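Just so you know, these numbers come straight off a predicted model, no measurement behind them.
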Amino acid sequence: MTFLVLLLALLVERFSRWRLHIQQDIFWLRLLDRVETNPDLAGDPRRALFRLVLLSALVLGVLLALLSLPLYGWLALPLHVFVLVYSLGRGDILTELKPFREAWRRGDSEAACLAAERDLAVGAKESLSLLRRVQGYLLWQAYQSFFAVIFWYALLGPVAVLAYRLTALTGEHTSLPALREHSVRLRHLLDWLPARGLALSFALVGNFGAVFRVLLRYLSDREVPAAKVVIEAGRAANEGLEAEVLAGEAGLMTLDELWQLLVRAGMLWYVVMALAILFL
């Protein structure tokens, strides 16, 4: 059923607007607000994180266990798909990049900078740095929106992916520094393995030697941020990204090449998971 859920989630994400209706965080944000205004929980970030993330995951686990009993577990299929789609990243990467791409195509560096700051939360003072940061944004957003979620679902199921997304949401939305610090630390642990798995995929579908050197540098380093691993590996996988800034269409081609790299890595992951289900 795992591979079927992954296929259904991909179809929902790519070819329907259900994702917009499923990814409603309003109830969880209300829970976050109650936790932050509770003096006991606000002063104890571990308890707050348990309430926001682990308790929700445990409730989901109990519900899935109950639905798995009748009809050989097929009643749980819609819930699996729902949780997986909900746990994907927010927004649409390609849509968010459109204003930047249009400004960059016509050579308007000021408009490109404004679009990157407004839509991508990416800022830079000069063109080369801006393009590099947008390349990094594309790689990281694709990883945290899709690859990390798919990895944990294939490995541990919907409970793990819900915990991953709620941990990310906590770090992004909480106003409590201590709670943010604990959630960021937990997410760093959750990102360690899938980030290196994606980097290995880049080596297999891109420039193997260059990516392998990046992997050797960070393979056993527990402190390096996952974003650094993913971005450096993705850039290393595509030759030519280290060249001078490319204006107009030439610069946009580097983003297209990175997107194709991500597509190939995604196809590789699905093929590997299909083979694992068939033969293991």
Side-chain angles (χ1 to χ4, degrees), residues 1-2 4-6 8-10 12-13 16-70 73-91 140-141 143-195 226:
M1 188 171 73
T2 299
L4 177 60
V5 171
L6 291 170
L8 290 174
L10 185 62
V12 169
E13 194 271 339
S16 79
R17 297 182 62 83
W18 290 1
R19 176 179 175 182
L20 299 177
H21 301 292
I22 292 173
Q23 291 183 331
Q24 298 294 323
D25 299 320
I26 183 65
F27 298 107
W28 184 86
L29 290 174
R30 288 175 181 171
L31 175 62
L32 175 62
D33 184 63
R34 288 199 296 270
V35 167
E36 291 181 338
T37 55
N38 185 322
D40 294 333
L41 294 176
D44 189 344
R46 292 182 181 179
R47 283 182 59 202
L49 200 58
F50 175 84
R51 180 74 64 87
L52 291 166
V53 177
L54 299 181
L55 188 59
S56 301
L58 288 173
V59 170
L60 173 63
V62 172
L63 184 57
L64 286 170
L66 294 175
L67 291 176
S68 298
L69 296 177
W74 286 103
L75 287 178
L77 177 64
L79 185 56
H80 276 249
V81 176
F82 180 91
V83 172
L84 184 56
V85 173
Y86 174 80
S87 300
L88 295 172
R90 305 304 186 250
W140 173 248
Q141 289 302 316
Y143 162 78
Q144 69 90 23
S145 295
F146 180 77
F147 286 96
V149 176
I150 296 301
F151 178 91
W152 286 117
Y153 180 81
L155 192 65
L156 297 177
V159 174
V161 297
L162 181 63
Y164 179 85
R165 183 52 56 201
L166 294 184
T167 300
L169 289 173
T170 302
E172 293 166 4
H173 293 286
T174 184
S175 60
L176 302 176
L179 180 56
R180 181 181 298 109
E181 180 183 351
H182 277 71
S183 61
V184 168
R185 191 180 307 162
L186 177 58
R187 186 178 179 184
H188 176 75
L189 295 175
L190 293 173
D191 278 327
W192 194 92
L193 193 56

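- Scanning both residues, Pro39 and Thr37, for their nearest heavy atoms gives CD-O, 3.4 Å.
- The CG atom of Leu64 lies 11.5 Å from the CG atom of Leu75; values are rounded to the nearest 0.5 Å.
- Rounding to the nearest 0.5 Å places CG of Leu179 at 7.0 Å from CG of Leu32.
- Closest heavy-atom contact between Ser56 and Leu166: CB-CD1, 3.7 Å.
- The closest donor-acceptor contact from the side chain of Tyr143 to the backbone of Asp191 lies under 3.5 Å.
- No donor-acceptor pair closer than 3.5 Å links the side chain of Thr174 to the backbone N or O of Thr170.
- Scanning for salt bridge (Lys or Arg N to Asp or Glu O under 4.0 Å) contacts around Glu36 gives an empty result, with sequence neighbours left out.
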Please tabulate, for side-chain N and O atoms in residues 148-160, each donor-acceptor pair with protein atoms closer than 3.5 Å (sequence neighbours left out).
| unit_1 | atom_1 | unit_2 | atom_2 | d |
| --- | --- | --- | --- | --- |
| Trp152 | NE1 | Leu190 | O | 2.9 |
| Tyr153 | OH | His80 | ND1 | 2.8 |

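- Pairs engaging residues 20-29 under the salt bridge (Lys or Arg N to Asp or Glu O under 4.0 Å) rule: Asp25-Arg90 [sequence neighbours left out].
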Carefully, step by step, assess Gln24 and Tyr86 under the rule side-chain contact (heavy atoms from CB on, under 4.5 Å).
CA-CA 8 Å; Gln24 298 294 323; Tyr86 174 80; 5.9 Å; no
Before you tell me yes or no, could you show the steps for Leu169 and Leu52 under side-chain contact (heavy atoms from CB on, under 4.5 Å), namely the whole-Å CA-CA distance, both residues' side-chain angles and the distance that decides it to 0.1 Å?
CA-CA 10 Å; Leu169 289 173; Leu52 291 166; over 6 Å; no
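- Without hydrogens or angle criteria, Arg19 side chain to Gly91 main chain gives a donor-acceptor distance under 3.5 Å.
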Step by step, work out the side-chain contact (heavy atoms from CB on, under 4.5 Å) result for Val85 and Trp18.
CA-CA 9 Å; Val85 173; Trp18 290 1; over 6 Å; no
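- Taken from CZ in Arg47 to NE2 in His182, the straight-line distance is 13.5 Å, to the nearest 0.5 Å.
- Atom CZ in Arg180 sits 13.5 Å away from atom CZ in Arg185 (nearest 0.5 Å).
- When all heavy atoms of Ser183 and Thr167 are compared, the closest pair comes out as O-CG2, 3.3 Å.
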Would you sort out whether Asn38 and Arg34 count as a side-chain contact (heavy atoms from CB on, under 4.5 Å), showing the intermediate values?
CA-CA 6 Å; Asn38 185 322; Arg34 288 199 296 270; over 6 Å; no
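- We find the CG-CG distance between Leu54 and Leu162 to be 10.5 Å, quoted to the nearest 0.5 Å.
- To the nearest 0.5 Å, the span separating CZ on Phe82 from CD on Gln23 amounts to 9.5 Å.
- Scanning all heavy atoms of the two residues, the minimum distance from Gly89 to Arg165 falls at N-NH2, 3.6 Å.
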